[in-house]
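Got a structure for you, questions after.
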Protein chains: 2
Amino acid sequence: MTPTRNDAPPVDPLATSIRDAGLKVTAPRVAVLTALADMPHVDADTVFRAVRETLPGTSLQAVYGVLGALTGVGLVRRFDPAGSPALFERRVGDNHHHLVCSHCGTIRDVDCVIGAAPCLTPVDTAGFRIHTAEVTFWGLCAECAADPRNSSDPIDSTTHTHSEETP
Amino acid sequence: MTPTRNDAPPVDPLATSIRDAGLKVTAPRVAVLTALADMPHVDADTVFRAVRETLPGTSLQAVYGVLGALTGVGLVRRFDPAGSPALFERRVGDNHHHLVCSHCGTIRDVDCVIGAAPCLTPVDTAGFRIHTAEVTFWGLCAECAADPRNSSDPIDSTTHTHSEETP
DNA sequence: GTCTAGTTTTGAGTTATTCAAAACACCACT
DNA sequence: AGTGGTGTTTTGAATAACTCAAAACTAGAC
C-alpha cells in the first residue's frame, strides 16, 4: 500500500493508442477497442452488442464508423471471409493469416512465416504493385472433423453458419 | 469440304459438361456458362445482364441458382474479394490465385506454383483438416500505379469501385 | 471558457443475396 | 412419340450487412 497523493492521471494505453494514431479519444472508440480485446474475431453486430453493455445508447452506425476509423489507422484489422460478415480483430501488424472452418465457421489465427506483408509474391505480378498477400485456409476444425457426420463434408461455401444441425 | 450426310447430332461441349456433372441441361445453365466463357471475373448481376441478351426472361434468381449449382458441382469457381460482390469464373481445377487492384478493382489471375489445393500449409494447423489455401494479392494494377494521383494510395479496402474520380 | 473540426446519433436507403410456393421443362421410361 | 416425376425456374417477397446524410454533440486546441 502506498497511500500517497495520486496526481498522476492514469494512463490508459487504449486511449493513448487512439490518440497516437491521430484520432480523438471518445467513449465509443475505447469501448470498441476494449470489446475487441476480449474477442478475437467478431463481426460489427457482435461488437455492437458488447459495447452496449458498457456504453448503452451507442448506435450500430457508430460502431461501424469506429471500426472503419480504427481500421483506417491500422489499430484494427478487418477480414472478410466468404459467406460471413466482415470480422474485426486487434491483432495487427504481423500479417498473420486465418484458418476458417468451412463447417462451423470457427476462425483461428496462424502465424505468417515471413511476418511482413506481402509474405508471398506471385511468379507473374502482371505489373501490379503488390502490397499484401492475404491467405485464408479453409478446412474442417478439429471438432467438426471429429464428427463422423462431417467426414465427407464438401467445400460448401454457403454453410458458414455456426449452427449445429439436428439429424 | 465433305458434303456428306450429317446425322451425328452436334455435340455441345457445354451441355456435355453440365450433364456429366450430374445436372440437367437447361437453357439458363448453358447461357450462364457461355457468358462466363467471355468474361473472366464477373458478379451475378453482370452474368444476369449478359444472359438476358441471348435468353430474355431469365430471372436474376435463376442466375443465382444456376451459379450456385454450377459452383456446387465444380464447373464454376466463386471468389469473394472484400468489398465486392461475389465473382464467378470458369477457370477451375487449377487452384489459381487472384491479384486485385485496391484502387480500381481490376482482377487478374495468377498461376499457382503448386497447382493442387492446398498449395500452402500453415506451420501450425491447429488441428484443422485443411483442403484449400486461398491466396489473394492486393495492390495497384499497372494502370492505377502509373497514375500519379494514386502514388500514395493506401490500403483502402472500402474503395473497390471501378470509378474514375474527377479532381 | 470558447470555438471548431471531427464524431456520433437519428433516420432512412441500398445492395447483394436468400427464401418459398407455384409453374414449368428435362429426360428416363413406356 | 407420349407421359410422369423430379429437378429447375419464375414470381414475389424478405433479409442481412452495410452506407449515406443531416443534425446534435464533444474532445481538445486556443
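Just so it is clear: chains get the letters A, B, ... in the order the sequence lines come, proteins before strands, and each one is counted from 1.
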Hydrophobic clustering (ILVMFWY, side-chain heavy atoms < 4.5 Å, transitive) - are Val135(B) and Ile130(A) grouped together?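 In one cluster with Ile130(A): Val135(B), yes.
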Under 4.5 Å between any side-chain heavy atoms of Ser17(B) and Leu75(B), yes or no?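 Heavy-atom side-chain distance check passes, below 4.5 Å.
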Less than 4.0 Å between a side-chain N and a carboxylate O, is that true for Arg91(A) and Asp111(A)?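 Arg91(A) and Asp111(A): salt-bridged.
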Along nucleotides 8-14 of chain C, 5' to 3', which nucleotides get a B, which get an S, and which get a -, given that the test is a protein heavy-atom distance under 4.0 Å? SBBBB--
Please tell me whether Ile114(B) and Leu120(B) are part of a single hydrophobic cluster in this structure, the criterion being side-chain heavy atoms less than 4.5 Å apart.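 No, because Ile114(B) and Leu120(B) fall into different hydrophobic clusters, even though each may have its own neighbours under 4.5 Å.
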Rounded distance (Å) that lies between atom P of dG7(D) and atom CG of Leu70(B):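 After rounding, the gap between these two atoms is 17 Å.
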Tell me whether Val73(A) shares a hydrophobic cluster with Leu33(A), the cluster being built from Ile, Leu, Val, Met, Phe, Trp, Tyr side chains joined at under 4.5 Å.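 Yes, one cluster joins them.
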Measure OH/Tyr64(B) against P/dA14(D) and give the value in whole Å, please.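 Going from Tyr64(B) (OH) to dA14(D) (P), I get 18 Å.
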So which protein N/O to nucleotides 4-6 of chain D N/O distances come out below 3.5 Å?
| from | atom 1 | to | atom 2 | distance (Å) |
| --- | --- | --- | --- | --- |
| dT6(D) | O2 | Lys24(B) | NZ | 3.1 |

Could you list by number each residue of residues 30-56 of chain B showing a heavy-atom separation from DNA chain D of less than 4.0 Å, or answer none if no residue does?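 Within this stretch, nothing sits under 4.0 Å of the strand.
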Determine yes or no for a side-chain-to-main-chain donor-acceptor pair under 3.5 angstrom, with Thr34(A) supplying the side chain and Val30(A) the backbone.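 Checking the backbone N and O of Val30(A) against the side chain of Thr34(A), a donor-acceptor pair under 3.5 Å is found.
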Distance check needed: dT15(C) P versus Leu87(B) CG, whole Å only.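 In whole Å, dT15(C) P and Leu87(B) CG are 17 Å from each other.
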At under 4.0 Å between heavy atoms, what does Ala86(B) touch on the DNA or RNA strands: base, sugar-phosphate, or nothing?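 Touches sugar-phosphate only.
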Tell me: CZ of Phe88(B) to C1' of dA16(C), nearest whole Å?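 Between C1' of dA16(C) and CZ of Phe88(B): 11 Å.
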Under 3.5 Å, is there a donor-acceptor pair between the side chain of Arg90(B) and the main chain of Ala35(B)?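 No, because the side chain of Arg90(B) does not come within donor-acceptor range (under 3.5 Å) of the backbone of Ala35(B).
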Look at atom CZ of Arg108(A) and say whether more than 12 heavy atoms of other residues, nucleotides or ligands are closer to it than 6.0 Å.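 Not more than 12 within 6.0 Å, no.
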With the side chain counted from C-beta on, respond yes when Met39(B) and Thr46(B) share a heavy-atom pair under 4.5 Å apart, and no when they do not.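 The answer is yes, as the side chains (C-beta and beyond) meet within the 4.5 Å cut-off.
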Cluster question for you: counting only ILVMFWY and a side-chain heavy-atom cut-off of under 4.5 Å, with indirect links fine, are Leu87(B) and Tyr64(B) together?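 No, it is not one cluster - the side chains of Leu87(B) and Tyr64(B) are not joined through contacts under 4.5 Å.
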May I ask whether Phe128(B) and Ile107(A) are part of the same hydrophobic cluster, defined by side-chain heavy atoms of I, L, V, M, F, W, Y residues being less than 4.5 angstrom apart, directly or through others?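 They do not share one cluster, since no chain of ILVMFWY contacts under 4.5 Å joins Phe128(B) to Ile107(A).
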Can you pull out every ring-ring contact (aromatic ring centres under 6.0 Å, His included) where at least one residue sits in residues 75-95 of chain B? Sequence neighbours excluded, please.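 Qualifying pairs, neighbours excluded: Phe79(B)-His98(B).
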Kindly calculate the angle separating the two end axes of the helix from dG1(C)-dC30(D) to dT30(C)-dA1(D), each obtained from five base pairs, and round it to 10 degrees.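 The angle separating the two end axes equals 30°.
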Excluding sequence neighbours, so at least two apart, what forms salt bridge (charged side-chain N to carboxylate O under 4.0 Å, His left out) with Asp43(B)?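 If we apply the salt bridge (charged side-chain N to carboxylate O under 4.0 Å, His left out) test to Asp43(B), skipping adjacent residues, there are no hits.
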In whole Å, what is the span from the CZ atom of Arg19(B) to the C1' atom of dC27(C)?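 It is 9 Å, rounded to the nearest whole Å.
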